[in-house]
2 protein chains.
Amino acid sequence: MPLWVYVWSMARAATTTDAFNAVAEPRRREILDALAGGELAVGDLVELLGLAQPQVSKHLRVLREVGLVDVRDDGRRRLYRVNGAPLRAVHDWVSRYEHLWNERFDLVDAVLDELTDTGAEPPGPTTPEGD
Amino acid sequence: MPLWVYVWSMARAATTTDAFNAVAEPRRREILDALAGGELAVGDLVELLGLAQPQVSKHLRVLREVGLVDVRDDGRRRLYRVNGAPLRAVHDWVSRYEHLWNERFDLVDAVLDELTDTGAEPPGPTTPEGD
DNA sequence: TTGACGCATGCCGTTATGGGTATATGTTTG
DNA sequence: CAAACATATACCCATAACGGCATGCGTCAA
C-alpha cells in the first residue's frame, strides 16, 4: 500500500510564524507603534496610518496570531492593544549582537579576544569585572 | 496617445530591504549565530548548519546585501564575518517595548499610566522609520 | 425593521521567497 | 594544462505575502 508523505515547499516562513516575521513588515511595526499609546479601534488605525481598512484588519490579524496584540469588543468596534511579550524573543536574540555596535562593550570584546587567542574557554554568560 | 504607468504590486518587503526582513528567516539567524564565533568559510557553514551549499550562499548574499556580513577572499574560499551594525535598528525598535515584558519597568509603567490618566502626552510612538 | 456603521474575510493578481538541482566562474594542485 | 575544489548563479517549482475591491456579518440608530 502506498505511503503518502506530505511535502512542504515553503517559499518563506509565514508571517504568522513568529514575532520576527510579523515584525518584518514596516506597516505592522507602525501599527504596534500607534498602539503603544494605548488601545485603539481599527478605524483609528486606518486614519492614523492612512491605510485601507481591510489592510489594517489583515495586519492586525497577523499580529493577533503571533500574540503581539490583544482584542476587546466594544460595541461595533474592536479595540486592539499591544502585548509585547512575543517581542522578547526578538530582543533577546538581537541583544546577543549588541556588543558589535555598542562601544560600551569594547572592553569586554578585548577580554574575549584575549581569551580566545590563548585558547581559553570562550566564556558563556559574561561576568563583567568592573563596570 | 497611451500613457504607460509602471505599477508595482509588492507582495512583501524584500528580504534585502533591511535587517528586520533579513533576520526574519531562521536559517539566516543560524548563520549569524555560527559566524558569531568568528570568520567562517561557506563550506564551514554548510557543514555546521547541514544545509545545501547553494542555499547557504544565497542566504549569505541576502545578509551581505543588508550589510549584516562582510566577506573576504582567501584563496578559493570566501570568509564571512558578522557585522552587527544593521541589527542596531532592530534592537532599538524592539527595546521600546521592553517594558511590556520586563518587570523591572513596572514602576515606570505605573508612572506612565498615571500621566496618561491625567491627560498628559503618552511617550508612545516615535516611529517614522521610513526604512 | 431598515439603514448606516465598523470590522473581518474572500478572491484576484503580481511578486518574490526558499529549496532543489545543474552549471558557471575562479583557484589551487598535479 | 587538466582535474579537483570552493563558491556563486541560473532555473524551476510551489507557496504565500500584500494590496485592491467586494462582500459578509454583527451592532447601533432612526
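Here is the naming used below: chain letters follow the sequence lines, and residue numbers restart at 1 for every chain. Here the structure is a predicted model, which means the values were calculated and not measured. The figures that follow rest on heavy atoms only: side chains count, while hydrogens, waters and symmetry mates do not.
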Find which nucleotide of DNA chain D each of B:Lys58 and A:Asp73 is nearest to by heavy atoms, and output the residue with the more 5' nucleotide.
-> B:Lys58

Salt-bridge criterion met for B:Arg78 and B:Asp73 (N-O under 4.0 Å) | yes

Nearest-Å distance for atom pair CG/P, residues A:Asp74 and C:dC5 | 18 Å

Could you give the CD1-to-C1' distance, from A:Ile31 to C:dC7, as a whole number of Å?
-> 13 Å

Are any side-chain N or O atoms of A:Tyr97 and backbone N or O atoms of B:Leu32, one a donor and one an acceptor, separated by less than 3.5 Å?
-> yes

Nearest-Å distance for atom pair CZ/P, residues B:Arg28 and C:dG19 = 8 Å

Name the closest nucleotide to the B:Arg77 side chain, picking from D:dC11, D:dA6, C:dT9.
-> D:dA6

Protein-nucleotide distance (A:Gln53, atom CD; D:dG26, atom C1'), rounded to Å | 14 Å

Determine: side-chain N/O of A:Tyr80 to OP1/OP2 of C:dA8, distance under 4.0 Å, yes or no.
-> yes

Using 4.0 Å as the upper bound for N to carboxylate O, is an ion pair formed by A:Arg29 and A:Glu25?
-> no

A:Arg64 has its side chain closest, among C:dG19, C:dT9, D:dC18, to C:dT9

Return the value, rounded to whole Å, for the distance between atom CD of A:Glu25 and atom P of C:dA16.
-> 14 Å

Linking I/L/V/M/F/W/Y whenever their side-chain heavy atoms sit closer than 4.5 Å, directly or via other members, would A:Leu49 and A:Leu79 fall into one cluster?
-> no

Whole-Å distance separating the CG atom of B:Leu51 from the C1' atom of D:dT7 | 15 Å

Ignoring the backbone of A:Pro54, work out which of C:dT9, C:dC7, D:dT7 is nearest its side chain.
-> C:dT9

Does A:Arg61 place a side-chain N or O at less than 4.0 Å from the phosphate oxygens OP1/OP2 of C:dT9?
-> yes

How many Å lie between NE2 on A:His59 and P on C:dA8, as a whole number?
-> 13 Å

B:Leu45 side, atom CG; B:Arg27 side, atom CZ - distance, nearest 0.5 Å | 13.0 Å

Whole angstrom is fine here: how far is it from CG in B:Leu40 over to C1' in D:dT7?
-> 15 Å

Choose from C:dC5, C:dG20, C:dT9 the nucleotide whose nearest atom is closest to any side-chain atom of A:Arg76.
-> C:dC5

To the side chain of B:Arg78, which of D:dA8, C:dC7, D:dC18 is closest?
-> D:dA8

